[in-house]
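We number each residue from 1, following the sequence as shown. In each ligand, atom 1 is the first atom listed, and ligand 1 is the first ligand listed. What you see is a predicted model; the values in this text were computed from it and never measured.
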Amino acid sequence: MGLGIGLLGFQTTIAHSVTLSGTGVHSGAEVAITFHPAEADSGIVFQRVVGEQTISEFKAVSSQVGNTDLCTILGFSPATSIATIEHVMAAIYALGLDNLLVEVHGAEMPIMDGSSAPFIEAIEQTGIKALAVKRRYIRILKPVRIESGASWSEFTPYDGMRFEVEIDFDSPLIGRQAWKGDITPSVFKTELSRARTFGFMRDVERMWAAGRGLGSSLENSVVISDDNTVINMEGLRYKDEFVRHKTLDAVGDLALAGAPFIGCYRSYRGGHKMNANALKALMSDPTAYEIVETSTQRQRSVPREVIAVNAP
Ligand SMILES: [Zn+2]
């Protein structure tokens with residue numbers, strides 16, 4: 001079974017603090033973030049800091065998500081919210097990190113190269129350590145499905161953490177692509193983590209005109225021209241980089257469950273909004289999942305009323 005990171009189901013954090021900085025893709029501003037170790041049961045917490053002062057703090061769970069139009073945002077007011085958390089969350093979730101404090105000097109995460117790879121590198125550089133408290137998992141017990149037009153996504157029971165993501169773009173360069181696999185730290189790192197954000201030139205131009213995506217560039221996005229070619233000199237990192245990035249996004253969005261899930265997540269033509277809505281649908285049906293302290297079958301369940309994984 002490929003769950004966790006081989007630490008026998010114990011919670012984890014990082015060994016030491018580590019800092020990264022880069023450009024915010026929406027604001028174009030320079031931002032610095034520091035990952036700090038955190039105690040067991042504290043979860044993944046983001047703090048927005050100005051100077052020495054913490055102006056807001058959010059647990060990275062779906063009830064704290066304000067907007068998912070362009071990226072995933074924690075908080076409900078631009079003055080205090082923290083944007084573009086999905087690629088960081090994907091790295092944290094895939095590496096099996098349960099507890100972390102993310103100190104953010106700015107309004108959003110740095111976009112880095114548009115993938116999760118720089119965050120993986122930073123975390124691996126400091127190292128991951130086990131804590132003395134058992135990890136809890138969300139085990140999917142029955143199918144939960146949502147649909148929106150031609151798009152759909154669903155959770156189904158499965159003995160592992162599996163993603164099956166399919167996209168279908170009205171662009172001959174992208175077209176129909178699918179990625180399927182069980183997520184382990186090494187699978188995520190080699191197959192998904194380097195896949196970059198992508199966009200169409202016409203949309204990038206429209207975004208810039210509206211004063212958004214100001215930090216977006218060929219350094220952090222794959223850009224597709226109007227005649228359906230990749231503008232970036234270096235080309236693609238994977239032949240099907242597009243669906244791999246969409247899978248990376250889905251991993252980051254489902255990280256907002258607040259605990260690793262044991263099940264299969266499938267999506268067709270999805271995105272941040274659909275991932276967020278699927279997670280909401282799952283969480284709102286207490287008969288669809290159970291909280292367990294081990295990733296192996298038929299172990300004692302922890303009563304749900306004792307542990308609210310996704311509590312606000
Ligand atoms: Zn993304």
Side-chain angles (χ1 to χ4, degrees), residues 20 22-28 31 33 44 46 60 62 65-74 81-95 102 104 107-122 151 153 163-169 171 173-174 177-179 181 183 188-189 191-201 203-204 207 212-224 230 232 236-238 240-257 265 267-279:
L20 288 113
T23 306
V25 70
H26 296 293
S27 60
V31 277
I33 61 170
I44 310 299
F46 285 74
S62 54
V65 172
N67 189 300
T68 50
D69 286 341
L70 283 179
C71 62
T72 303
I73 300 179
L74 289 175
S81 63
I82 300 173
T84 330
I85 61 160
E86 58 270 20
H87 304 161
V88 178
M89 287 304 296
I92 291 169
Y93 206 45
L95 288 180
V102 185
V104 188
E108 61 178 320
M109 294 298 108
I111 191 67
M112 309 309 288
D113 66 354
S115 80
S116 288
F119 304 115
I120 297 264
E121 272 164 37
S151 307
S153 65
F163 280 76
E164 299 186 3
V165 172
E166 186 166 357
I167 59 175
D168 191 357
F169 274 74
S171 146
L173 181 70
I174 305 178
Q177 302 184 350
W179 190 88
I183 300 290
F188 184 81
K189 198 175 150 183
E191 296 204 26
L192 302 174
S193 77
R194 296 175 64 249
R196 293 161 295 172
T197 306
F198 60 93
F200 294 90
M201 196 62 220
D203 297 331
V204 176
M207 242 178 17
R212 302 164 93 170
L214 297 175
S216 167
S217 75
L218 294 173
E219 314 264 280
N220 54 45
S221 321
V222 175
V223 181
I224 301 154
V230 171
N232 307 58
L236 295 175
R237 290 179 171 179
Y238 308 91
D240 55 355
E241 188 167 358
F242 308 105
V243 73
R244 288 173 192 254
H245 186 79
K246 285 289 190 179
T247 309
L248 180 163
D249 277 341
V251 172
D253 291 337
L254 295 194
L256 296 164
Y265 180 67
S267 89
Y268 175 68
R269 292 178 64 168
H272 293 305
K273 185 153 280 175
M274 174 142 266
N275 297 334
N277 287 339
L279 188 54

(Q) Which residues pass the salt bridge (charged side-chain N to carboxylate O under 4.0 Å, His left out) test with E108, not counting sequence neighbours? (A) none
Q. Any N/O/S atom of H87 sitting less than 2.8 Å from the Zn ion (ligand 1), backbone or side chain?
A. yes
**Q.** Metal check, the Zn ion (ligand 1) vs E86 N/O/S, cut-off below 2.8 Å
**A.** no
Q.
If I take every N, O or S atom of H245, is at least one of them less than 2.8 Å from the Zn ion (ligand 1)?
A. yes
(Q) Going by the rule ring-ring contact (aromatic ring centres under 6.0 Å, His included), which residues pair with F200 if we only count those two or more places apart in sequence or in a different chain? (A) none
Q. Taking C-beta and beyond as the side chain, do L173 and F242 meet within less than 4.5 Å on heavy atoms?
A. yes
Q. Cut-off 3.5 Å, side chains only: do S267 and N275 have a donor facing an acceptor?
A. no
(Q) As a test of reading the structure, name the N/O/S atom of D249 that is nearest the Zn ion (ligand 1). (A) OD1
